[in-house]
2 protein chains.
Amino acid sequence: MPTMKDVARRAGVSVSTVSRVISGSDRISAATKERVRAAMKELGFHPNAIARSLASKTAGTIGLVVSRSPENAFANSFFPEVIRGIGSVLSKHGYYLLLIMTDDPEVERAQTLAALRSRRVDGAIITSSRVSDTLFRHLVDEKQKFVLIGRVLDDLPVSYVDNDNVKVGYMATRHLIEAGYRRIAMISGDPQYIVSLDRIEGYKKAISEAGMEFRKEYLVNAGFTREAAEEACQKLLALDQPPDAIFAADDTMASGAVRAILKSGLRIPEDVGVIGVNDDPLASMMRPALSTVRIPVFELGVWAARILMDLLSDGETVPRQMVLPGTLVVRESSSTRGLFSA
Amino acid sequence: MPTMKDVARRAGVSVSTVSRVISGSDRISAATKERVRAAMKELGFHPNAIARSLASKTAGTIGLVVSRSPENAFANSFFPEVIRGIGSVLSKHGYYLLLIMTDDPEVERAQTLAALRSRRVDGAIITSSRVSDTLFRHLVDEKQKFVLIGRVLDDLPVSYVDNDNVKVGYMATRHLIEAGYRRIAMISGDPQYIVSLDRIEGYKKAISEAGMEFRKEYLVNAGFTREAAEEACQKLLALDQPPDAIFAADDTMASGAVRAILKSGLRIPEDVGVIGVNDDPLASMMRPALSTVRIPVFELGVWAARILMDLLSDGETVPRQMVLPGTLVVRESSSTRGLFSA
DNA sequence: CTGTTAGCGCTTTCAC
DNA sequence: GTGAAAGCGCTAACAG
């Protein structure tokens with residue numbers, strides 16, 4: 001492979017001149033610029049990114065850590081959407097994306113640290129936030145640049161972009177109440193994730209605000225899988241006073257609940273209302289079409305990337321935090337109850 | 001950040017010695033090894049990956065090019081599954097994954113070439129194969145290392161891993177025939193992708209093999225989207241002699257067909273049978289549950305990565321090509337027709 | 001506007 | 001077993 005040296009020789013200039021035309025310096029005569037360009041072309045020269053990185057001390061790459069945890073369930077479209085958002089920003093800045101994704105949380109953690117410490121990446125976007133995780137503290141201590149999609153419980157100075165999950169839970173529950181349902185249960189996700197806790201909080205808030213009583217038997221955990229949700233829903237329906245509406249913490253779980261309800265011979269939304277969260281493609285394809293709270297995943301990616309870019313360029317040091325709202329999407333699984341009971 | 005030089009000074013050895021303990025050379029006394037390790041720890045030293053790459057002339061990273069084309073529709077699980085497969089192999093070899101994914105095919109192409117030429121990646125796995133694409137020819141000419149998931153039409157010497165799409169089309173169609181359907185239509189994907197052509201070929205083969213007549217009005221193109229498939233299916237149902245079964249080139253399109261059929265008041269599978277391809281999560285969640293041909297996406301990723309590793313290590317030069325079979329998965333949307341007509 | 005000269009941090013002969 | 005020295009290919013002062 002030809003190097004800058006070869007190009008320089010061929011064009012009859014020095015390597016710094018070649019370097020300058022590559023980086024688009026302005027103080028270069030049009031003539032030499034042309035000559036160098038020609039030489040590069042003739043030799044089929046392409047600058048070596050590794051050498052550039054070493055000399056310029058920037059990798060030009062940022063890491064994306066995607067937990068394969070059920071939190072970002074792969075049946076839904078979180079993953080491609082968030083990448084699309086991130087990519088739309090990074091490509092403008094000429095950054096590449098290094099993907100860190102593994103089945104093993106320990107390996108994930110190790111690889112994230114390694115990539116950052118070895119300066120293989122200039123910064124990272126991390127998409128998981130467990131309740132107890134010391135990774136962030138380490139990263140902060142080491143002054144690594146990163147942005148979290150999610151949030152932290154303690155007051156660590158980290159930048160993050162989150163959707164307002166308390167509000168998401170509130171909106172979903174509130175909608176069911178307004179639609180006329182009165183015994184509203186929640187099928188929650190794995191409580192080791194902050195997102196789960198937040199949505200539960202929103203659920204409770206809406207319940208109490210409506211003057212309803214919070215029943216602990218109406219709050220069940222199904223760990224973000226469809227099967228667990230179906231089972232959990234069966235149990236709910238078998239209660240002495242079964243719920244007349246289900247708020248599932250995501251659409252996949254909602255689909256499990258729908259299945260349990262239909263199997264038991266009840267109708268949706270007449271007998272039982274259902275609402276999920278995410279608005280993944282599944283939601284609109286289901287029958288009945290699923291009401292849900294849409295999460296702006298693409299936007300989460302965009303903002304995470306923007307904030308990281310700022311962190312990297314400005315040397316900005318105060319953490320920035322953003323919270324994006326969800327949107328209620330009413331479909332068949334909940335909308336008409338009001339009509340029936342009214 | 002401390003460098004090897006700092007470690008060397010602290011341990012009272014030379015940099016080459018430090019380098020040796022890092023790379024795990026054996027001709028190092030246990031004592032110095034210990035001393036160096038201690039020094040690294042005390043200083044919080046982590047080797048700089050970029051510098052290593054420059055000196056060793058390997059990036060330690062491979063590129064994954066994912067077309068956001070409808071071919072790998074994002075409603076389905078192709079993307080995460082193939083990455084999971086690739087990752088399971090790469091992590092064993094200590095390689096990282098650089099993700100190249102953009103909305104614009106031209107940008108995608110440019111970035112792929114740039115990453116390879118700049119030696120930012122040692123090789124690439126490419127997941128799209130359009131009928132007319134000169135990218136592969138360029139890559140071959142430049143002796144770049146890459147593996148294709150898909151296949152090429154001409155006899156370019158490229159390594160690839162593909163699923164046997166002719167057979168996939170054949171199996172799906174054949175199943176419908178055996179289930180008792182007699183007027184079988186196909187809703188095909190975008191014909192600019194080789195995968196589409198192959199599945200059509202399989203469809204035709206099964207039709208003619210069964211002594212049925214191929215009707216061109218039964219073969220329609222719906223470009224891999226659900227909406228287009230729904231519309232296409234409506235038109236099929238409006239024919240003078242409407243089909244009694246639909247083979248859709250993927251599950252997403254099949255879901256569109258299902259919708260059109262149910263809307264028209266027909267029953268599935270009694271009046272019309274439906275089968276898709278992929279077996280993404282959607283298929284089992286739909287009602288009626290969708291029959292489909294499962295594609296071994298994880299395995300495609302595994303093999304692509306394995307072959308690429310061989311290409312990179314052995315300096316292997318003869319292209320390797322693999323074809324993986326699909327599996328028929330019979331569910332509610334097609335299984336019982338035989339019983340009715342029998 | 002362009003060339004000279006040091007590095008960037010690590011690997012790798014080649015000696016001893 | 002360990003060290004010295006020469007790069008890997010590029011960037012970035014500093015001169016001029």
Side-chain angles (χ1 to χ4, degrees), chain A residues 1-40 43-61 94 96 114-122, chain B residues 1-40 43-61 94 96 114-122:
Chain A
M1 301 229 80
T3 71
M4 266 180 31
K5 215 165 147 189
D6 302 316
V7 176
R9 190 178 311 124
R10 175 135 194 163
V13 297
S14 72
V15 289
S16 20
T17 301
V18 176
S19 176
R20 286 191 188 99
V21 351
I22 289 173
S23 58
S25 164
D26 45 353
R27 31 182 224 169
I28 286 264
S29 78
T32 42
K33 198 178 284 181
E34 214 29 72
R35 213 140 35 86
V36 172
R37 289 255 165 76
M40 298 200 307
L43 294 171
F45 166 82
H46 296 281
N48 181 306
I50 308 282
R52 277 189 105 161
S53 288
L54 182 59
S56 62
K57 291 171 161 281
T58 55
T61 302
Y96 279 84
L116 248 5
R117 286 172 173 166
S118 67
R119 314 265 45 131
R120 187 184 279 278
V121 298
D122 297 319
Chain B
M1 300 231 81
T3 71
M4 267 180 30
K5 214 165 149 189
D6 302 315
V7 175
R9 191 179 309 124
R10 175 136 195 160
V13 297
S14 74
V15 289
S16 11
T17 300
V18 176
S19 177
R20 285 191 188 101
V21 350
I22 289 174
S23 59
S25 165
D26 45 353
R27 32 181 224 169
I28 286 263
S29 78
T32 41
K33 197 179 284 181
E34 213 29 70
R35 215 141 32 88
V36 171
R37 289 256 165 75
M40 297 199 308
L43 294 171
F45 166 82
H46 297 281
N48 182 306
I50 307 283
R52 276 191 105 159
S53 288
L54 182 58
S56 62
K57 290 170 162 283
T58 54
T61 302
Y96 278 84
L116 248 7
R117 287 170 171 167
S118 68
R119 316 266 40 131
R120 187 183 278 278
V121 299
D122 297 319

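Chain naming here is simple, since letters A, B, ... match the order of the sequence lines and numbering starts at 1 in each. Everything numeric in this text was worked out from a predicted model, so none of it was measured.
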Worksheet entry | Closest heavy-atom pair and its distance - B:Met1, A:Arg117 | SD-O, 4.5 Å
Fill in: Heavy-atom pair with the smallest gap, counting every atom of A:Arg10 and A:Ala39
CG-CB, 3.8 Å
Worksheet item: When the distance from CZ of B:Arg9 to P of D:dG3 is rounded to whole Å, what number comes out?
Response: 14 Å
Worksheet, complete the sentence: When every non-hydrogen atom of A:Val121 is compared with those of A:Leu116, the smallest separation belongs to CG2-CD1, 3.4 Å
Item to complete: Evaluate the side-chain hydrogen bond (donor to acceptor under 3.5 Å, both in side chains) criterion for residues B:Ser16 and B:Ser14: first the C-alpha distance (whole Å), next the side-chain angles of each, then the deciding distance (0.1 Å), finally the verdict.
Response: CA-CA 5 Å; B:Ser16 11; B:Ser14 74; 3.1 Å; yes
Item to complete: Would you mind building the protein contact string for nucleotides 9-15 of chain C? One character per nucleotide, 5' to 3', B for base within reach (heavy atoms under 4.0 Å), S for sugar-phosphate only, - for untouched.
Response: BBBBBB-
Worksheet entry | Gap between atoms CZ and C1', on B:Arg35 and D:dG3 respectively (whole Å) | 13 Å
Just list the side-chain donor-acceptor pairs under 3.5 Å for residues 45-58 of chain B, sequence neighbours left out, or say none.
from, atom 1, to, atom 2, distance (Å)
B:Asn48, OD1, B:Ile50, N, 2.8
B:Asn48, OD1, B:Ala51, N, 2.9
B:Ser53, OG, B:Ala49, O, 3.1
B:Ser53, OG, B:Thr58, O, 3.1
B:Ser56, OG, B:Arg52, O, 2.6
B:Ser56, OG, B:Thr58, OG1, 3.4

Discussion item. Just to be sure I understand the rule, does A:Ser53 reach a base, reach only the sugar-phosphate, or reach nothing, if contact means heavy atoms closer than 4.0 Å?
Written reply: nothing
Worksheet item: For D:dG1, does OP1 or OP2 lie under 4.0 Å from any side-chain N or O of B:Ser25?
Response: no
Fill in: Closest heavy-atom pair and its distance - B:Arg35, B:Gly12
NH1-O, 4.3 Å
